[in-house]
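Have a look at the structure below, then the notes.
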Amino acid sequence: MTKGLRKGLTSYGDAGFSLFLRKAFIKAMGYSDDALERPIVGITNTFSDYNPCHGNVPDLIESVKRGVMLAGGLPMVFPTISIGESFAHPTSMFLRNLMAMDTEEMIRAQPMDSVVVIGGCDKTLPAQVMALASTDIPAIVLPTGPMVAGHHKGEVLGACTDCRRFWAQHRAGTIDVTEIELISGRLCPSIGTCMVMGTASTMACIVEAMGLALPMSATAPATHADRRRIAEASGKRAAEIAISDAPKPSNLITDASVRNAMIVLQAIGGSTNGLIHLIALAGRAGVKVDLEAFDQLGREIPVLLNLKPSGTHYMEHFHHAGGLPALMRELTAFLDLDAPTISGGTLGDAIAQAEQVPGQDVIRSIATPLKKEGAIAVLHGNLAPRSAVIKHSAASPNLLRHTGRAVVFESVEDMAARIDLPDLDVNADDILVLRNAGPKGAPGMPEAGYLPIPLKLARQGVKDMVRISDARMSGTAFGTIVLHIVPESAIGGPLAVVRTGDRIMLDVEGRRIELLIDDAELESSLAAWKELPPQRESATRGYAKLFEEHVLQADQGCDFDFLLRGDS
Ligand code: FES
């Protein structure tokens with residue numbers, strides 16, 4: 001088999017010349033022939049001044065390189081796109097598939113026998129694992145790790161659960177400008193990913209549960225020495241799998257590991273975004289995520305992790321309580337313990353090494369769960385013919401069965417313009433509806449599903465309302481919020497024809513979301529909608545055009561249709 005520098009030669013029509021030229025140029029960097037004969041481990045560099053969640057990437061790269069060289073390999077660092085959640089316009093989800101394509105193509109284009117992908121901020125790990133599934137060369141995932149927790153006036157803070165809570169208090173007039181500025185300097189006290197169970201933490205747990213990353217990779221804080229030791233170990237293991245040419249992502253992304261990931265997603269109180277990303281990365285490997293099975297697991301698997309926003313603790317506490325192996329030990333009755341991992345053993349082997357930490361309250365047992373059901377429910381009904389989701393572990397129990405009057409916003413812009421108007425016709429038991437915020441509609445399916453409580457209600461002390469949309473929501477948010485309605489309104493899903501004043505029924509226990517009008521009226525409204533002129537201008541060029549023409553719906557992972565494998 002062709003290895004090392006001889007892999008993927010540039011096409012000059014003469015293989016010998018191609019290798020000669022490649023060596024001649026790379027020797028400009030001072031490499032010896034001995035170094036250039038070693039197995040090559042590629043390492044992605046996703047450092048960016050725009051991405052504080054990746055602020056430790058240079059340090060991690062140094063540690064990975066050390067591990068690679070200790071095991072006799074040659075580390076080669078190369079840049080890829082980096083996406084920082086709050087610096088991505090219009091939304092990071094718009095760029096996830098671009099990063100996946102960039103990462104995939106740069107792995108294919110350059111000679112490497114294995115690769116370490118280093119990522120962390122919400123869309124980066126999904127993009128990288130999608131790329132790995134498509135290239136299928138031996139690979140290991142290294143999350144950047146969570147920030148340490150913040151503190152303000154004796155209270156422990158988490159980005160971004162508390163970002164939203166404090167901002168809501170500022171909107172309601174209970175926190176002034178001076179204090180909110182002070183808080184903005186305390187919410188993110190170190191580099192690393194959000195330290196609550198947002199999408200970044202969720203995806204880090206999913207990749208570890210699927211055996212794509214070493215044990216404890218999901219939880220070690222970004223600034224902790226453990227993180228750099230895990231990086232060194234990841235480099236060492238990457239050199240070993242470069243030599244053995246196994247395992248490959250296709251050996252690890254299987255029906256069994258995807259089901260294990262679904263179980264963990266429910267048990268950690270994971271982000272709804274995690275479900276979209278899991279569908280996408282599994283789809284690249286030809287594995288289908290069954291939403292009904294996922295929902296059924298949610299009825300059987302309780303939330304065991306006492307972490308914000310479902311619970312009270314933070315990722316560093318999870319790490320010190322034994323991390324994901326200790327949590328999965330509580331789930332052994334459900335998990336497929338024979339699933340292989342990148343370490344060379346099985347998931348059962350990783351769990352057997354889990355630390356016992358006496359007296360901790362972060363990881364609950366099955367007998368004493370945080371919530372008796374899992375984090376996420378899948379809903380159906382005439383408003384969501386294919387599906388919708390709700391993270392009911394982080395919702396108000398009294399709103400999980402609720403019927404109310406719809407107050408409709410046509411788009412994110414319409415919502416921003418009107419939600420705080422003093423004369424907005426809205427009451428606390430109404431249901432806020434946002435449309436045209438799905439994958440094609442916005443475009444990019446922004447995290448706008450967490451509609452703010454209208455100012456006049458916030459000032460009356462209203463903290464939660466039922467909100468429904470075809471948008472996404474940050475995993476760090478709390479609220480009774482129905483998301484990912486499929487089909488989205490921009491392609492004629494029933495959300496498109498809801499009118500202010502219509503009544504909507506949410507029943508999470510019954511897994512229903514219904515517009516309370518009769519079928520004939522709904523059908524004639526949808527038929528009339530189809531005759532309307534386009535609601536917005538289509539993209540005419542570039543990536544936006546590619547995105548609009550090829551992005552799939554949320555229940556298909558929002559991947560591009562031409563990037564899936566098989567019939568998934
Ligand atoms: Fe990057 Fe939260 S903003 S992980």
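Atoms within a ligand are numbered from 1 in the order they appear, just like the ligands themselves.
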For Arg96 and Met93: C-alpha separation, side-chain torsions, deciding distance, then whether side chain to side chain contact (heavy atoms under 4.5 Å, CB included) applies. CA-CA 5 Å; Arg96 185 202 64 181; Met93 190 64 176; 3.5 Å; yes
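- Between Tyr450 and Phe478, a ring centre-to-centre spacing not shorter than 6.0 Å is recorded.
- Annotation for ligand 1: atoms under 4.0 Å from non-hydrogen atoms of Asp122 are 2 (Fe), 4 (S).
- Atoms of ligand 1 lying under 4.0 Å from any heavy atom of Thr193, numbered from 1 in the order shown and given with element: 4 (S).
- Ring-plane geometry between His320 and His224 is classed as tilted, the angle between the planes lying from 30 to 60 degrees on a 0 to 90 degree scale.
- Near Cys53, meaning under 4.0 Å from any of its heavy atoms, are these atoms of ligand 1: 1 (Fe), 3 (S), 4 (S).
- For ligand 1, the atoms lying closer than 4.0 Å to a non-hydrogen atom of Glu85 are 3 (S).
- With a heavy-atom cut-off of 4.0 Å, Cys121 touches ligand 1 through backbone and side chain alike.
- Atom numbering of ligand 1 starts at 1 in the shown order; those under 4.0 Å from a heavy atom of Ala200 are 4 (S).
- In this structure, the protein non-hydrogen atom closest to atom 2 (Fe) of ligand 1 is Cys194 SG, 2.2 Å.
- Lys65 and Glu232 are not joined by a salt bridge, as no carboxylate oxygen comes within less than 4.0 angstrom of a charged side-chain nitrogen.
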side-chain hydrogen bond (donor to acceptor under 3.5 Å, both in side chains), that's the test. Do Gln556 and Asp561 meet it? Break it down for me. CA-CA 9 Å; Gln556 298 163 306; Asp561 51 13; over 6 Å; no
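- A salt bridge links Arg165 with Glu155; the closest basic N to acidic carboxylate O contact falls under 4.0 Å.
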